There are 2 protein chains.
Amino acid sequence: MATQAAARTRSRTPLSKQRVLRAAVELADKSGIESLSMRKLAQELGVEAMSLYNHVRSKEDILDGVVDVVIGEIAVPPKTSDWKTSLRQTLMSARMVLVRHPWAPRVIESRTNPSPATFQYFESVIGILRAGGFSVDMTHHALHVLGSRVLGFTQELFKDSDELTAGPAAAAMFAQLADKFPYMTEMAMAVSHEGALGGCDDDAEFEFALDLILDGLENQRVAD
Amino acid sequence: MATQAAARTRSRTPLSKQRVLRAAVELADKSGIESLSMRKLAQELGVEAMSLYNHVRSKEDILDGVVDVVIGEIAVPPKTSDWKTSLRQTLMSARMVLVRHPWAPRVIESRTNPSPATFQYFESVIGILRAGGFSVDMTHHALHVLGSRVLGFTQELFKDSDELTAGPAAAAMFAQLADKFPYMTEMAMAVSHEGALGGCDDDAEFEFALDLILDGLENQRVAD
DNA sequence: ACCTGAACACCGTTCAAGT
DNA sequence: ACCTGAACACCGTTCAAGT
């Protein structure tokens, strides 16, 4: 009975997806992302590797969840100040989060589907720009200019949006999405209707971003 | 003898590091980076996995080499035109290369030491800016602004430069480096001598880059 | 309902043995 | 000098068996 109690104490908190994901983030922070294996993660939780599969579908599922946790740490300020201040604060917060989890960019880049928190985050950034007077098109450009500074996966996110709008019986799901993410839906629609193939012109966006940066550098060339 | 000839034909080109690296890039292009294992790569070359170790030290060594090959594909234009045109062409070429090898950014990000080609590439970019009238400090800022557009590893590169300058008997090696990479050496020196801890202030650089971009967006806000 | 032991198909890598 | 078979320590994952 004494040993039973001890055993129960050691793993008193029952396993859950939340707990698994939090442990995964901690392990990656502590030992690097290459140390994040099912076996080591289980060990960290005082359990066998196979037990994890009762709470997550696969390791990919864990990585998806870990990205969700990390992106969820980004603080988005309330929409009281002007767009520039809000956007600046948001991106500074994003940077702080990525400095805290240096392995995160690589994991984020490896995901194929954006997580709920990612959707929410983009909705916020887009909302800041729209409320600040940017047109839908200009907001879209702005996202590309911010590029990896907004996390580095703008491209994939909108590739996905295109698929959503193109789907056959996806109308209902889309309407539901529009409720939760009005700004993002607005932009996804505009981008899809623009090009011939329904996508955004990545080459043109890259050049737009590059030229904005080059012009900015030109203005500062003789400063400092 | 017939069979011997056939066998020799199948693997007539002797293995070499060059051939291993080229095969690795091809395999990653064809099947994705997650398919790049020692065993599959060996199979692609008609050889056993263990044979690869005669030409590379480890898988990490292969990934280092693969990054070197990819960065080496970036075309740097001759220094005839103005800095803006040269830089634009260079970055457009970099983009083309990364579009051709979509797995490359993640591998680049995972390297801890910059490869020779990376050094050469940065030397070229820095050279374009210096020749274009940018001060050493402003050139340094510009690299940070271009950020992931110049590949996304500015930070690591200069962290390393700091170690180089700080080393004890590293003076000789440094002099040799200065010969080959005069522009980069110039900047590395300036950056090291600046801060209290001999490094560049990443936070300040991030804010500089962010503000340049935000100002650029502000100017374009009502355009389009 | 949740956890586990054994097993499978894969990894990277070493080393002694082959030619 | 270059290649290989067998072996080792690791992976992610499945499944039947335990509680």
Side-chain angles (χ1 to χ4, degrees), chain A residues 1-24 27-28 30-67 103 106-107 110-112, chain B residues 1-24 27-28 30-67 103 106-107 110-112:
Chain A
M1 274 165 232
T3 60
Q4 257 190 25
R8 205 179 298 146
T9 302
R10 192 149 35 96
S11 61
R12 70 196 183 286
T13 326
L15 230 47
S16 72
K17 185 155 184 179
Q18 279 301 319
R19 225 159 74 79
V20 169
L21 294 182
R22 253 186 296 137
L27 182 55
K30 192 178 61 180
S31 320
I33 190 67
E34 65 284 347
S35 298
L36 179 54
S37 72
M38 299 301 275
R39 282 163 159 96
K40 285 192 192 131
L41 177 54
Q43 194 182 312
E44 210 75 13
L45 288 160
V47 101
E48 298 298 318
M50 312 79 197
S51 308
L52 298 176
Y53 288 88
N54 285 304
H55 303 95
V56 298
R57 255 186 302 278
S58 60
K59 185 173 183 186
E60 288 293 292
D61 195 21
I62 290 184
L63 293 178
D64 281 342
V66 153
V67 166
W103 44 268
R106 234 179 316 151
V107 179
S110 74
R111 300 302 83 204
T112 49
Chain B
M1 272 166 234
T3 61
Q4 257 189 27
R8 205 178 297 146
T9 302
R10 193 148 38 94
S11 61
R12 69 196 185 289
T13 326
L15 230 46
S16 72
K17 185 155 185 178
Q18 279 301 318
R19 226 160 75 77
V20 169
L21 294 182
R22 253 186 297 137
L27 182 55
K30 193 179 59 179
S31 320
I33 191 67
E34 65 284 348
S35 299
L36 180 54
S37 72
M38 299 302 274
R39 283 164 159 95
K40 285 193 192 130
L41 177 55
Q43 194 182 312
E44 211 75 13
L45 288 160
V47 101
E48 297 299 317
M50 312 80 196
S51 308
L52 299 175
Y53 287 89
N54 284 305
H55 303 95
V56 298
R57 255 184 304 278
S58 61
K59 185 173 182 185
E60 288 293 292
D61 194 22
I62 290 185
L63 292 178
D64 282 343
V66 154
V67 166
W103 45 268
R106 234 178 316 152
V107 180
S110 73
R111 301 301 83 205
T112 49

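Values in this document were obtained by computation on a predicted structure and should not be read as measured data. Within every chain, numbering begins at 1; the chains are lettered A, B, ... in the order of the sequence lines, protein sequences first and strands thereafter.
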Is A/S51 near enough to C/dC2 that one of its side-chain N or O atoms lies under 4.0 angstrom from OP1 or OP2?
no
Stems of at least 3 consecutive Watson-Crick or G-U wobble pairs (donor-acceptor distances under 3.5 Å) involving DNA chain C, listed by first number, are C:4-8 with D:12-16, C:12-16 with D:4-8
In B/S/- notation, 5' to 3', how is nucleotides 13-19 of chain D contacted by protein heavy atoms closer than 4.0 Å?
BB-----
Could you list the donor-acceptor pairs under 3.5 angstrom formed between side-chain atoms of residues 31-40 of chain B and any protein atom two or more places apart in sequence or on another chain?
residue	atom	partner	partner atom	Å
B/S35	OG	B/S31	O	2.9
B/S37	OG	B/K40	N	3.1

Compare side-chain N and O positions of A/S37 against OP1 and OP2 of D/dC11 and report whether any pair is under 4.0 Å apart.
yes
Working to the nearest 0.5 Å, report the span between CG of A/L21 and CG of A/L41.
9.0 Å
Counting only side-chain nitrogens and oxygens, does B/K40 get under 4.0 Å of the OP1 or OP2 atom of C/dC10?
no
Specify the separation, in whole Å, of atom CG of A/D61 and atom C1' of D/dG12.
14 Å
Starting at atom CG of A/L45, determine the distance to atom P of C/dC2, rounded to an integer number of angstrom.
16 Å
B/L15 atom CG is separated from D/dC2 atom P, nearest whole Å, by 10 Å
Compile the donor-acceptor pairs under 3.5 Å between side chains in residues 50-58 of chain B and protein atoms, sequence neighbours left out, one pair per line.
residue	atom	partner	partner atom	Å
B/S51	OG	B/E48	O	3.3
B/N54	ND2	B/S51	O	3.4
B/H55	NE2	B/L15	O	3.3
B/S58	OG	B/E60	N	3.4
B/S58	OG	B/D61	N	3.2

Establish, with yes or no, whether the OP1 or OP2 oxygen of C/dC2 is under 4.0 angstrom from a side-chain nitrogen or oxygen of A/H55.
no
Distance in angstrom units between A/E34 CD and D/dC10 C1', rounded
14 Å
Closest-nucleotide 5' rank along DNA chain C - winner of A/V47 and B/S35:
A/V47
What is the distance from CD of B/Q43 to P of C/dA9, rounded to the nearest Å?
16 Å
